[in-house]
Participant: 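Once you've had a glance at the structure underneath, I'll fire off some questions.
A, B, ... follow the sequence lines: proteins, then strands. Residue 1 opens every chain. The figures here come from the full heavy-atom set of this structure, side chains too, leaving out hydrogens, waters and symmetry mates.
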Number of protein chains: 2
Amino acid sequence: MREVGIGGAARVSGVHVETIRYYERIGLVVAPPRSSAGQRRYGPVELRRLRFVRRARALGFSLDEIRALLALGAGGHACAEVRDIAQRHLDEIGRKIADLERMRATLAATVALCAGDAAPDCPILEALSDTEPVAGG
Amino acid sequence: MREVGIGGAARVSGVHVETIRYYERIGLVVAPPRSSAGQRRYGPVELRRLRFVRRARALGFSLDEIRALLALGAGGHACAEVRDIAQRHLDEIGRKIADLERMRATLAATVALCAGDAAPDCPILEALSDTEPVAGG
DNA sequence: GTGCCATCTGTAGCCGCTACAGGAGCAAGC
DNA sequence: GCTTGCTCCTGTAGCGGCTACAGATGGCAC
């Protein structure tokens, strides 16, 4: 028997115990069989699924996207749909990066105004209070 | 009187009506005076504060950071502290960008595996299920 | 006076967990 | 057989930062 309890599953999959239960509760992963005393027992199939979810989360997929990916994996591999989900997510990552880079540029420029501590009023606070719009905001 | 109601304040500041009330509720902005009928009236000072919060949010500051910035602005301008908060936030933006760029690289490489639709099994799902660790995960 | 928007309070929902409380199971040591 | 100390159980509430209602007034135009 290569079955493990929820703690072992957490160690093997890298998903926290509470998170595993959470995923089960919201129906993201299927409830595993239980021992006679009612404790969850995870076999290779369930562990593989948990790893899948952890990897997809690490790539920033939402739980809904992961749900869709799991369904596509279980059904007959609609490869084009998988690609579509992944590509859309990739585009969104790009948008997030662009947003953050705009923030960084604006904020860096603002911080640069405050070179030392010899200023009369704090230029950072001034910049945040000014009437002109902030770039990217 | 250049005072406005909460709707006008929302238009002028760019902060939604519900969000203004939310900010007041959590004590981020001071409750403005009320009209005789109990409606909020915003003057230039309050509007300036709302704009400040909106700008800072647009730059990704958390509400707690903004609270600190507002306190520093109200008190005697501890410019070094302001700079400190801004610099730390800048560092965190950098970390987020780096995380997202790692995600993007990994995901792009994975999507690239699925060039067309002639593959036997979906390489994206395969990559997510494999045992080797995902880069950056 | 009547229509209609703005405003009021209060509460519940979103995402993706995380952190409890208060109990039961289980393996090892004495 | 009994204690010790971990694991596991269920259920609920909290986080940040809003957003979306419901149901009741306010205020102004026609």
Side-chain angles (χ1 to χ4, degrees), chain A residues 1 3-29 31-42 46-47 50 52-70 89 92-93 96 99-100 103 137, chain B residues 1 3-29 31-42 46-47 50 52-70 89 92-93 96 99-100 103 137:
Chain A
M1 281 297 188
E3 288 190 340
V4 293
I6 196 168
R11 274 188 296 279
V12 169
S13 69
V15 181
H16 290 175
V17 168
E18 296 90 345
T19 307
I20 294 176
R21 282 197 283 249
Y22 169 70
Y23 287 166
E24 184 186 317
R25 191 162 67 243
I26 65 170
L28 183 65
V29 299
R34 302 275 183 135
S35 73
S36 56
Q39 303 202 348
R40 292 169 182 82
R41 305 259 81 203
Y42 294 84
E46 287 92 356
L47 294 177
L50 285 173
F52 182 98
V53 175
R54 205 249 305 147
R55 272 155 215 286
R57 284 297 295 142
L59 290 177
F61 285 100
S62 74
L63 296 187
D64 265 2
E65 285 168 332
I66 294 171
R67 207 188 294 270
L69 290 175
L70 285 169
H89 181 53
E92 209 190 304
I93 291 176
K96 279 187 186 166
D99 281 355
L100 285 170
M103 280 186 201
Chain B
M1 280 300 185
E3 288 191 340
V4 293
I6 196 168
R11 274 188 295 281
V12 169
S13 69
V15 181
H16 290 174
V17 168
E18 297 90 344
T19 307
I20 294 176
R21 283 198 284 250
Y22 169 69
Y23 287 166
E24 184 186 319
R25 191 161 68 243
I26 65 168
L28 182 64
V29 299
R34 302 276 183 135
S35 73
S36 56
Q39 303 201 350
R40 292 170 182 83
R41 305 260 82 202
Y42 294 85
E46 288 91 354
L47 294 176
L50 285 173
F52 182 97
V53 175
R54 205 251 304 147
R55 273 154 213 288
R57 283 298 294 142
L59 290 177
F61 284 101
S62 73
L63 297 188
D64 266 1
E65 285 168 333
I66 295 171
R67 206 186 296 270
L69 290 175
L70 284 169
H89 181 53
E92 208 190 305
I93 291 177
K96 278 186 185 166
D99 280 356
L100 285 170
M103 279 186 202

Participant: Please examine the side chains of A:V29 and A:V53, heavy atoms only from C-beta on, and report whether any two atoms are closer than 4.5 Å.
Facilitator: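 Yes, close enough: below the 4.5 Å cut-off.
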Participant: Return the minimal non-hydrogen interatomic distance between A:I26 and A:L63, and the atom names on each side.
Facilitator: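 So the minimum-distance heavy-atom pair works out to CD1-CD1, 3.8 Å.
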Participant: Could you run down nucleotides 19-30 of chain D 5' to 3' and tag each one B, S or - for protein heavy-atom contact under 4.0 Å?
Facilitator: S------SS---
Participant: CZ of B:R67 versus P of D:dG17: gap in Å, rounded?
Facilitator: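 Interatomic distance, CZ of B:R67 to P of D:dG17: 10 Å.
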Participant: Is there a side-chain polar atom (N or O) of A:R54 under 4.0 Å from OP1 or OP2 of C:dC17?
Facilitator: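 Checking C:dC17 against A:R54, no side-chain N or O comes under 4.0 Å of OP1 or OP2.
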Participant: Is A:E46 close to A:S13 at the side-chain level, that is, under 4.5 Å between some pair of heavy atoms?
Facilitator: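 The answer is no, as the side chains (C-beta and beyond) never meet within the 4.5 Å cut-off.
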Participant: Please find the pair of heavy atoms, one from A:V17 and one from A:G7, that lie closest to each other, and give the distance.
Facilitator: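 The pair with the smallest heavy-atom distance is CG2-CA, 4.0 Å.
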Participant: Between B:H89 and B:E65 (side chain of the first, backbone of the second, donor and acceptor by atom type, cut-off under 3.5 Å), is there such a pair?
Facilitator: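 Such a contact is absent between B:H89 side chain and B:E65 backbone.
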Participant: Would one find a side-chain N or O of A:R57 under 4.0 angstrom from OP1 or OP2 of C:dC17?
Facilitator: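 Answer is yes, contact under 4.0 Å.
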Participant: If I take atom CZ in residue A:R11 and atom P in nucleotide D:dC8, what distance separates them, rounded to the nearest angstrom?
Facilitator: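 Rounded to whole Å, this separation is 7 Å.
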Participant: Distance check needed: C:dA6 P versus B:I20 CD1, whole Å only.
Facilitator: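 Value for this atom pair: 14 Å.
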Participant: Is it true that B:K96 and B:D99 make a salt bridge, defined as a side-chain N closer than 4.0 Å to a carboxylate O?
Facilitator: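 Between B:D99 and B:K96 there is no salt bridge, as every charged N stays at least 4.0 Å from the carboxylate O atoms.
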Participant: All N/O contacts under 3.5 Å from nucleotides 1-5 of chain D to the protein, with atom names and distances to one decimal?
Facilitator:
none

Participant: Can you measure B:K96 atom NZ to D:dG16 atom P for me and round it to whole angstrom units?
Facilitator: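 Going from NZ in B:K96 over to P in D:dG16 covers 14 Å.
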Participant: Between P on D:dC18 and CD on B:E24, what's the gap in Å once rounded to a whole number?
Facilitator: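 Rounded to whole Å, this separation is 15 Å.
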Participant: Could you tell me the separation between the CG atom of B:D64 and the P atom of D:dG16, rounded to a whole number of Å?
Facilitator: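 Atom-to-atom, B:D64 to D:dG16, this comes out as 7 Å.
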Participant: I need the minimum non-hydrogen distance between B:L100 and A:I93, along with the two atoms involved.
Facilitator: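 Distance-wise, the nearest heavy atoms are O-CG2, 3.6 Å.
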Participant: OP1 or OP2 of D:dC9 less than 4.0 angstrom from a side-chain nitrogen or oxygen of A:R40, does that happen here?
Facilitator: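 Answer yes for this pair, as a side-chain N or O of A:R40 is under 4.0 Å from OP1 or OP2.
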Participant: Does A:Y23 place a side-chain N or O at less than 4.0 Å from the phosphate oxygens OP1/OP2 of C:dG16?
Facilitator: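 No.
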Participant: Measure the distance from CZ on B:R34 to C1' on C:dA6 and round it to the nearest whole Å.
Facilitator: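 Those two atoms, CZ and C1', are 14 Å apart.
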Participant: So do B:L50 and B:V12 actually touch side chain to side chain, heavy atoms under 4.5 Å?
Facilitator: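 Contact flag for B:V12/B:L50 side chains = no.
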Participant: NA contact type, A:R41, heavy-atom cut-off 4.0 Å: base, sugar-phosphate, or nothing?
Facilitator: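 Here A:R41 touches no strand at all.
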Participant: According to side-chain hydrogen bond (donor to acceptor under 3.5 Å, both in side chains), does anything in residues 14-24 of chain A pair up with another residue at least two apart or in another chain? List the pairs.
Facilitator: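 For residues 14-24 of chain A, and leaving out neighbouring residues, the side-chain hydrogen bond (donor to acceptor under 3.5 Å, both in side chains) pairs sorted by first residue read A:E24-A:R40.
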